[in-house]
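What follows is a short report on a single structure.
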Amino acid sequence: MRAAVLGVTAALLLGLAAPAQAFGPVLPSLSRNLVSYYDFEHPVRGDKALEQDRGRSGTPLRLINGGADMRVRDGVSSRTSVQLGQINPATAGNDDWKAGLYSETGVPSLRAFNGTRQASILGWVKMTGQNPAPNSNTADPADLYNAIGLAGVLTGDSNGHAVRALLELIQVGGELKLVALARRIDGGDSQTFAATEPWQELLPQNEWVHLAATFDFDTGAMALYRNGRPLDGSYVTAGDPWKLEGEPEPDLASATDPRGYKIGGSYPQNTRENNPCNCRMDSLMFLDRAVHPREVNLQYRWSS
């Protein structure tokens, strides 16, 4: 058995095909740093509105407002995915379908992101409706949100919106862009790496797309990937927004437990609607290191 496992791992590192059932949809080299993994086909026993975490932290994820109905039979590397989206565009309520968890005192099981040097977010996304969605917080029916929420790790002082690491679509220079966005220091400035290509070409309607974002809080490097390939892009903020110059070294994220995750929109404590995503997601992965480009490509192939 050990020889077989080593053989499959070697094949993966060489970029060769291997049977997905050997390890499931997670690349073996990622397992050690896989803080959380959600495939949306493992409800918590006794509460189907909670999704089991198949990663090492064991942090359950809440399916907010839609509960078990948010699991749909349309997966990529699993049988089901999670349906997210806006429910009542004309009403300033709190009924958007999103996922996440929130604690004002921080989430101890997410301590891997406390003082972390790196992070990564990977997953499958399928746009299924109008994006960006109508802004339900304004009276103007023509007003649209200026962002589309995908997946992020909250800061240690977050109000449900501020993030330590985020994969999202936001306005950059008046144009919506796919971005990796991160904030090294709680309450500090963020940096954004924006993809060059139009977001509609990167995320066409009704098509599953594998996305990845990586973050290095020591070097300041961020990267975006689509279907296993790196995307051209540029940094939005000039200067040193993460305060990397000078001692101490290495530079790490704030030594605070994140207040949670947000998926498909902000405010996982469900106090406000903001930046909903009319989409489906599958096989979401949160890691406490920057996944190598070769691994991103292999994970895309491994899970597709």
Side-chain angles (χ1 to χ4, degrees), residues 63-66 70 72 74 81-100 121 123-154 158-163 165-183 190-213 224-226 231 233-234 236-237 261-282 284:
L63 307 185
I64 301 165
N65 293 320
M70 294 169 65
V72 294
D74 178 24
S81 59
V82 63
Q83 177 70 59
L84 308 161
Q86 189 175 56
I87 302 302
N88 291 303
T91 303
N94 285 312
D95 56 1
D96 286 353
W97 282 14
K98 53 191 175 183
I121 302 171
W124 289 91
V125 180
K126 180 180 183 179
M127 295 302 194
T128 59
Q130 180 183 356
N131 287 296
N135 189 343
S136 61
N137 294 309
T138 68
D140 183 0
D143 186 26
L144 304 178
Y145 284 106
N146 63 2
I148 304 169
L150 296 179
V153 182
L154 300 180
S158 180
N159 62 352
H161 183 67
V163 289
L166 176 70
L167 176 62
E168 191 167 68
L169 293 106
I170 65 170
Q171 289 276 349
V172 176
E175 185 178 356
L176 204 63
K177 292 286 187 179
L178 176 67
V179 306
L181 182 153
R183 179 176 287 101
S190 64
Q191 177 61 287
T192 300
F193 180 81
T196 303
E197 293 180 57
W199 78 267
Q200 296 95 333
E201 295 179 13
L202 297 174
L203 288 165
Q205 192 81 344
N206 296 314
E207 179 180 321
W208 281 110
V209 175
H210 189 263
L211 297 178
L224 285 167
Y225 301 82
R226 180 188 186 273
L231 292 173
S234 59
V236 173
T237 304
Y261 291 140
K262 64 174 185 177
I263 296 165
S266 292
Y267 303 101
Q269 68 270 49
N270 211 26
T271 56
R272 177 183 170 90
E273 296 178 339
N274 205 63
N275 303 333
C277 183
N278 290 305
C279 64
R280 292 175 180 175
M281 296 189 193
D282 191 17
L284 280 179

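Along the sequence shown, residues carry numbers from 1.
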The criterion is side-chain hydrogen bond (donor to acceptor under 3.5 Å, both in side chains); which residues satisfy it with [X], sequence neighbours excluded?
X	answer
Asn131	none
Asn278	none
Gln83	Thr128, Arg280
Thr138	Asp143

Exercise. Among all residues two or more places apart in sequence or in another chain, which pass the ring-ring contact (aromatic ring centres under 6.0 Å, His included) test with Phe193?
Worked result: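 For Phe193, the residues satisfying ring-ring contact (aromatic ring centres under 6.0 Å, His included) (neighbours in sequence not counted) are Tyr235.
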
The reported gap from CE in Met281 to NZ in Lys126 (rounded to nearest 0.5 angstrom) is 13.5 Å

Point to revise | With Asn270, the side chain to side chain donor-acceptor pair (under 3.5 Å) member among Asn94, Asp96, Asn65 | key: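 One option only clears the test, and that one is Asn65.
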
Could you work out, with side chain to side chain contact (heavy atoms under 4.5 Å, CB included) as the rule, every residue matching [X], not counting sequence neighbours?
X	value
Asn137	Ala92, Asn135, Tyr145, Arg272, Asn274
Thr192	Ile170, Val179, Leu181, Val236
Thr196	Asp232
Thr237	Gln191, Pro241

Using residues 200-213 as the side-chain source, report each donor-acceptor pair under 3.5 Å to any protein atom, sequence neighbours left out, with the distance given to one decimal.
unit_1	atom_1	unit_2	atom_2	d
Gln205	NE2	Gly129	O	3.2
Trp208	NE1	Asp74	OD1	3.3

